[in-house]
Amino acid sequence: MGRRLSGKIVIATHNAGKLREMRELLAPYGIEAISAGELGLGEPDETASDFAGNALIKAQAAAKAANLPAFADDSGLCVTALGGAPGILSARWAGESKDFYAAMDRIRREVEATGAKEPWRAYFISALALCWPDGHVETFEGRVDGDLVFPPKGTAGFGYDPCFKPDGHARTFGEMTAEEKHGIPADGSRALSHRARAFQALARGCLA
Ligand code: IMP
């Protein structure tokens, strides 16, 4: 059991898609979430070599700047045939213009070039870090495995959602509503999305 979280927290992200999903996940726990963007906080460089390390950098910087508990996620898509790429570089592959269709096409071209047989396997990872102003930290991780789908399908969600079909489902994340993508069962059994799975671990540890 980790340290219990209550009241107001800062969500250390400047990504509108992730902010919306995190607010949806926190709402049932009565946690008021303000974003680092709304507070005018800067974005620290993500210099760690893994997802959890980058989440921690962002949460620590926001907790210190806002003097409130802060919550950050770092996430991305890892393609097995590409040795885990784009991984922590998932946002960067979309470039300045945040063109995820170009990034998905780069994945298709690079996997094709490896000669890997279909189905092309991939997984999303979400690492969550909670940091208090006194320096206490808690980290959690969630993962969802699936197949890559080309051409990408669906316009819901964000980022790489249209090219990822989670195992056990017939549709891509891009074809699912937010509720379907999170897939949080009322009975407390395992959620679907990497972010919801990491969030379940956080809820068990810090919100119960
Ligand atoms: P970061 O966590 O801000 O470094 O960015 C991770 C990048 O991975 C995002 O910009 C998205 O493109 C991608 N990503 C992470 N989670 C998801 C998801 O749930 N769906 C689609 N793309 C995602």
Side-chain angles (χ1 to χ4, degrees), residues 2-3 5 7-27 29 31-79 84-104 106-107 123-144 157-162 164 173 178 181-182 193-199 201-202 206:
R3 185 187 287 190
L5 183 69
K8 192 151 128 181
I9 68 160
V10 180
I11 300 186
T13 183
H14 289 71
N15 175 322
K18 288 204 301 192
L19 177 64
R20 188 177 59 244
E21 288 198 355
M22 286 184 194
R23 279 203 166 122
E24 286 162 3
L25 291 166
L26 283 164
Y29 296 94
I31 305 277
E32 187 195 339
I34 35 176
S35 78
E38 285 160 346
L39 288 174
L41 305 182
E43 289 184 82
D45 289 334
E46 296 178 25
T47 51
S49 56
D50 60 14
F51 293 105
N54 281 331
L56 205 50
I57 288 173
K58 291 184 272 192
Q60 280 171 328
K64 198 166 166 217
N67 200 31
L68 282 171
F71 172 77
D73 107 314
D74 196 60
S75 53
L77 180 69
C78 302
V79 177
I88 58 168
L89 302 178
S90 293
R92 238 167 285 171
W93 275 35
E96 287 283 311
S97 57
K98 300 193 192 322
D99 185 347
F100 283 97
Y101 282 90
M104 289 187 276
R106 176 171 170 191
I107 289 177
Y123 52 93
F124 275 115
I125 294 265
S126 166
L128 301 181
L130 264 176
C131 182
W132 280 260
D134 68 2
H136 181 79
V137 297
E138 306 267 352
T139 58
F140 305 91
E141 201 161 274
R143 167 175 170 155
V144 57
F158 66 100
Y160 297 92
D161 278 342
F164 183 82
F173 274 166
K181 177 182 169 183
H182 296 325
S193 76
H194 49 310
R195 195 162 292 104
R197 285 177 179 173
F199 199 83
L202 180 148
C206 300

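With a 4.5 Å cut-off on side-chain heavy atoms, F199 and L26 count as touching. Inter-residue side-chain proximity for D74 and E46 is flagged as met; some heavy-atom pair is nearer than 4.5 Å.
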- Query: Does the pair L130 and V137 meet the rule for a side chain to side chain contact (heavy atoms under 4.5 Å, CB included), with working shown?
  - Reply: CA-CA 6 Å; L130 264 176; V137 297; over 6 Å; no
- Decide side chain to side chain contact (heavy atoms under 4.5 Å, CB included) for L56 and T139; before the verdict, give the C-alpha distance in whole Å, the side-chain angles of both, and the deciding distance to 0.1 Å. CA-CA 8 Å; L56 205 50; T139 58; 4.1 Å; yes
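For the atom pair W132 CH2 and I9 CD1, the distance stands at 9.0 Å (nearest 0.5 Å). Taking SG from C131 and CD1 from I57, the interatomic distance works out to 12.0 Å, rounded to the nearest 0.5 Å. Remark: M22 CE to S35 OG distance equals 10.5 Å, nearest 0.5 Å. Here the straight-line distance linking atom CD of E32 with atom CZ of R23 works out to 9.0 Å at 0.5 Å rounding. Summarising the geometry, atom CD1 belonging to I125 is positioned 10.0 Å from atom OG belonging to S75; distances are rounded to the nearest 0.5 Å. Put simply, CG on L202 and CD on E138 are 8.0 Å apart, with the number rounded to the nearest 0.5 Å.
D161 places a side-chain N or O within donor-acceptor distance of the main-chain N or O of F158, the cut-off being under 3.5 Å. With hydrogens and angles ignored, the 3.5 Å screen pairs no side-chain donor or acceptor of D99 with any backbone N or O of A94. Side chain of T13 to main chain of L19: no donor-acceptor pair is present (N/O by atom type, distance under 3.5 Å, no hydrogens or angles). Y160 places no side-chain N or O within 3.5 Å of a backbone atom of Y101 that could act as its donor or acceptor partner.
D73 pairs in a side-chain hydrogen bond (donor to acceptor under 3.5 Å, both in side chains) with only one of the listed residues (K58, R195, H194), which is R195.
With respect to R3 and D134, a salt bridge is recorded, a charged nitrogen being found less than 4.0 Å from a carboxylate O.
No more than 12 heavy atoms of other residues, nucleotides or ligands lie within 6.0 Å of CG in D45, so this atom counts as exposed by the packing criterion.
The aromatic rings of F173 and F164 lie tilted to each other, with the angle between the two planes from 30° to 60°.
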